[in-house]
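Have a look at the structure below before the remarks.
Numbered from 1 within each chain, the chains take letters A, B, ... in sequence-line order. A quick note: this is a predicted structure, and the numbers were derived from the prediction, not measured.
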Amino acid sequence: MIEEYQRLDKRVQKWLFNQGWPDLREIQKRAIAPILAGDRDLLISASTAAGKTEAFFLPACSAIAEEENGFGILYISPLKALINDQYRRLESLSEMLDMEVTPWHGDSLQSKKKKARKNPSGILLITPESLESLLVREPGWVKQSFASLKYIVIDEFHAFIGTERGKQLLSLLTRLEHITGRISNPIPRVALSATLGELEKVPLSLRPNKSLPCETITSSQHQSTIKVQVKGYLEPLDIMADDTHISAEQQICHEIFRLCRGDSHLVFANSRSRTENIAAQLGDLCEQQVVPNEFFPHHGSLAKELREDLEARLQKETLPTTAICTMTLELGIDIGKVSSVIQVTAPHSVSSLRQRLGRSGRRNSPSILRMLISENELSDKSNIVDGLRLELVQSLAMVRLLIVNNWFEPADTEQMHLSTFLHQILAVIAQWGSVRADQLYSLLCEQGPFKEITIQHFKQLLSHMGTVQLIQQLNSGELVLGIEGERITNFYTFYAVFKTPEEFRIVAGSKTLGTLPVDSLILKDQHIIFGGRRWKVTDIDDNKKVIYVTSTKGGKPPKFSGNGMSIHDRVRQEMFRIYCTGEYRIEVGNQRIDFVNNLGRQLFQEGAYLFKEADLENHPIYQSGKHSYIFTWMGDKVVNTLTVLLIRSGFVCSNFGGVIEVQNSNVDDIKNCLIYLANTELPDETELARTLSLQQKLIEKYDEYLPEDLLTECYGRKAFNSMGTKQWILDNLV
DNA sequence: GACCTGCTGCGGCCTG
């Protein structure tokens with residue numbers, strides 16, 4: 001490997017020597033040859049802090065060190081904060097090479113942009129949105145300054161796969177290759193990513209037209225020790241004021257206080273409002289015990305300054321600090337390792353549980369995960385859904401899938417992303433001024449990433465875009481922007497493809513605490529919790545979109561908006577397996593390790609007993625009083641399909657947590673109805689989506705401009721599965 | 001009964 005090291009630029013070698021590193025890491029050595037070759041794509045997949053960034057930049061900077069004109073490396077990041085981090089980290093290396101590094105995003109300095117605009121060279125660090133804005137507004141400059149581009153590197157690539165933003169990014173890269181005349185001689189793409197499931201599928205997500213081969217480098221995983229405990233809590237039927245029946249959440253807060261005080265931890269509470277609630281209660285406990293508060297909330301609606309203060313406090317490691325957080329602390333930001341991770345309520349996916357677990361485990365100590373799960377105390381009026389202890393069993397299933405099967409949800413790469421496709425049509429027309437339809441199709445769908453769009457879809461979409469004046473066709477046949485298209489593309493909000501709700505700022509005195517989506521009801525004089533503290537609303541300014549508050553006692557966290565969640569088939573099937581066998585423990589050698597505390601175990605046994613008593617293993621429909629419940633143990637597509645089929649047949653039903661409740665019905669009626677449907681032609685996904693109102697189908701940013709037929713087809717594909725449902729009925733009810 | 005990310009150009013105000 002000595003030879004590999006010597007292939008780096010002499011000044012890079014000198015920089016390495018100055019760092020005092022004993023040796024290059026394995027992935028860093030292995031990346032040198034393929035990057036210097038410059039004739040292939042590269043996927044570097046390794047856990048955080050494995051040195052992925054250096055693995056790319058050391059050889060890539062060596063390769064462009066002699067290049068004087070134009071950018072040599074284009075670095076793309078999903079976060080502005082990461083660009084700032086990376087800029088600092090590249091400072092000394094670029095100084096050694098006398099190489100320019102330009103951070104380019106919405107908040108970076110105009111002076112730096114000006115300088116790079118005049119004299120582009122070295123490394124450009126940018127977000128997809130800023131790159132979009134450059135292509136649309138300054139295509140001539142882009143063509144010149146990227147003429148000798150050698151590498152495109154994408155950081156946190158896993159965050160892009162299967163998303164609207166990821167689709168936009170791939171389209172941007174194709175457009176960049178097109179504008180620089182590099183379609184037939186593509187610019188190598190390097191993806192840096194956390195460890196991914198289904199690694200063999202990733203190269204296609206990096207370059208859908210396969211015009212360059214892709215090599216993959218993964219770090220040899222060192223197995224670390226993991227300690228897991230699941231604890232059960234009981235939510236009392238009556239919560240008394242006398243403290244004998246305190247709520248499950250209060251019990252959980254006491255436990256967090258006991259476990260976390262004196263060291264640093266992360267508590268993931270799944271929603272912003274629960275995050276706020278728990279942070280406030282822990283703050284109260286500190287006050288009651290007259291000790292300094294070391295519990296603080298962290299989520300996306302909190303003001304940047306408040307978040308950064310907490311991040312800095314975690315990083316410094318001088319004061320014990322526990323963050324009660326949402327996924328904002330799951331990945332990306334460098335906060336160092338914490339002593340343990342606590343999960344309150346079941347996580348939404350195994351892959352996010354895995355990321356969270358990875359945040360704990362300091363040098364030479366194990367990763368520690370605790371899951372604190374509450375279930376309702378039962379009465380004779382209780383619903384079977386409560387009795388089964390579904391949330392607890394879901395948590396157990398997820399722990400098993402993660403630890404025993406080493407499985408987590410792969411990204412969904414099958415979606416059409418029509419809203420982003422429409423966005424890219426507008427962006428390309430805005431960039432070129434005018435374009436022929438066949439050029440558009442070739443660029444976006446054949447060379448670019450929109451492989452799922454057929455000519456038929458494309459024609460239908462273009463014609464509708466003409467009707468709503470997004471575009472118009474000239475006599476020559478060329479497409480140009482219409483009035484509405486001009487309006488949208490000329491406003492700065494155009495560059496991002498994802499949707500964000502309008503928000504109110506929350507202001508205390510002269511300080512902004514954060515933001516709230518406008519759809520939550522906030523009234524004057526109401527008491528709220530925000531930023532882990534209690535406030536009273538003094539005034540609301542509808543025009544300026546500001547809520548004024550003052551400090552006070554008491555209050556509830558504001559309601560944040562949100563959609564339902566979707567659980568993968570495999571998680572539900574693991575739950576079913578656990579119920580059927582009554583066994584959740586993990587086998588290690590000849591032993592079975594129990595990772596659940598006494599109350600949790602008791603709750604599990606209640607659920608498993610009810611499952612047996614109702615014989616859900618053999619009878620998926622269960623009648624209780626006037627209502628019936630369908631347990632499919634399948635993912636949401638099948639559950640949604642069954643629900644809509646029954647609604648179309650006149651039943652009143654709803655689903656929650658994968659269980660369908662059918663009101664005023666009995667088992668035989670439901671069974672007969674579904675078997676009858678399965679024996680005839682089941683309506684297809686598009687037909688099922690027609691049952692829903694237009695409003696329910698408007699989800700992504702530009703959905704409102706899509707023809708309803710196309711939107712319905714797209715929605716149907718996302719939400720339903722007719723064949724799978726037919727099979728489920730035949731397998732389980734006949 | 002969920003979470004997160006990003007974008008412009010310019011006018012006005014403040015500080016050194």
Starting from [atom2] on [N], measure out to [atom1] on [X] and report it in whole angstrom.
| X | N | atom1 | atom2 | value |
| --- | --- | --- | --- | --- |
| A/R274 | B/dA2 | CZ | C1' | 10 Å |
| A/E330 | B/dA2 | CD | C1' | 11 Å |
| A/H348 | B/dG1 | NE2 | C1' | 9 Å |

Which residues share a side chain to side chain donor-acceptor pair (under 3.5 Å) with [X], sequence neighbours left out:
| X | value |
| --- | --- |
| A/S340 | A/H265 |
| A/E129 | A/R165 |
| A/R717 | none |

*Report the residues that fulfil ring pair (Phe, Tyr, Trp, His ring centres under 6.0 Å) with A/F651, sequence neighbours left out, ordered by chain and then residue number.*
none

*Fit a plane to each ring of A/F157 and A/F160, take the angle between them on a 0 to 90° scale, and name the class: parallel (under 30°), tilted (30 to 60°) or perpendicular (over 60°).*
tilted

Nucleotide N/O of nucleotides 4-7 of chain B paired with protein N/O under 3.5 Å:
{"from": "B/dC4", "atom 1": "OP1", "to": "A/G300", "atom 2": "N", "distance (Å)": "2.4"}
{"from": "B/dC4", "atom 1": "OP1", "to": "A/T326", "atom 2": "OG1", "distance (Å)": "3.0"}
{"from": "B/dC4", "atom 1": "OP2", "to": "A/R272", "atom 2": "NE", "distance (Å)": "3.4"}
{"from": "B/dC4", "atom 1": "OP2", "to": "A/R272", "atom 2": "NH1", "distance (Å)": "3.4"}
{"from": "B/dT5", "atom 1": "OP1", "to": "A/R307", "atom 2": "NH2", "distance (Å)": "2.6"}
{"from": "B/dT5", "atom 1": "O3'", "to": "A/P78", "atom 2": "O", "distance (Å)": "3.4"}
{"from": "B/dT5", "atom 1": "O2", "to": "A/R165", "atom 2": "NH1", "distance (Å)": "3.4"}
{"from": "B/dG6", "atom 1": "OP1", "to": "A/K80", "atom 2": "N", "distance (Å)": "2.6"}
{"from": "B/dG6", "atom 1": "O3'", "to": "A/T127", "atom 2": "OG1", "distance (Å)": "3.4"}
{"from": "B/dC7", "atom 1": "OP1", "to": "A/G106", "atom 2": "N", "distance (Å)": "3.0"}
{"from": "B/dC7", "atom 1": "OP1", "to": "A/T127", "atom 2": "OG1", "distance (Å)": "2.8"}
{"from": "B/dC7", "atom 1": "OP1", "to": "A/S130", "atom 2": "OG", "distance (Å)": "2.7"}
{"from": "B/dC7", "atom 1": "OP2", "to": "A/G106", "atom 2": "N", "distance (Å)": "3.1"}
{"from": "B/dC7", "atom 1": "O2", "to": "A/Y492", "atom 2": "O", "distance (Å)": "2.6"}
{"from": "B/dC7", "atom 1": "O2", "to": "A/T493", "atom 2": "N", "distance (Å)": "3.1"}

Enumerate donor-acceptor pairs with a distance under 3.5 Å from any side-chain N or O in residues 324-332 of chain A to protein atoms, sequence neighbours excluded.
{"from": "A/T326", "atom 1": "OG1", "to": "A/T328", "atom 2": "OG1", "distance (Å)": "3.4"}
{"from": "A/T328", "atom 1": "OG1", "to": "A/H298", "atom 2": "O", "distance (Å)": "3.4"}
{"from": "A/T328", "atom 1": "OG1", "to": "A/H298", "atom 2": "ND1", "distance (Å)": "2.8"}
{"from": "A/E330", "atom 1": "OE1", "to": "A/R356", "atom 2": "NE", "distance (Å)": "2.8"}
{"from": "A/E330", "atom 1": "OE1", "to": "A/R356", "atom 2": "NH2", "distance (Å)": "3.0"}

Every protein N/O within reach of nucleotides 12-16 of chain B N/O, cut-off under 3.5 Å:
none

Side-chain donor-acceptor pairs under 3.5 Å in residues 110-118 of chain A, sequence neighbours left out?
{"from": "A/K113", "atom 1": "NZ", "to": "A/H105", "atom 2": "O", "distance (Å)": "3.1"}
{"from": "A/R117", "atom 1": "NE", "to": "A/E138", "atom 2": "OE1", "distance (Å)": "3.0"}
{"from": "A/R117", "atom 1": "NH2", "to": "A/E138", "atom 2": "OE2", "distance (Å)": "3.0"}

*By side-chain contact (heavy atoms from CB on, under 4.5 Å), which residues pair with A/D703, not counting sequence neighbours?*
A/S419, A/L698, A/I699, A/E700, A/L706, A/L711

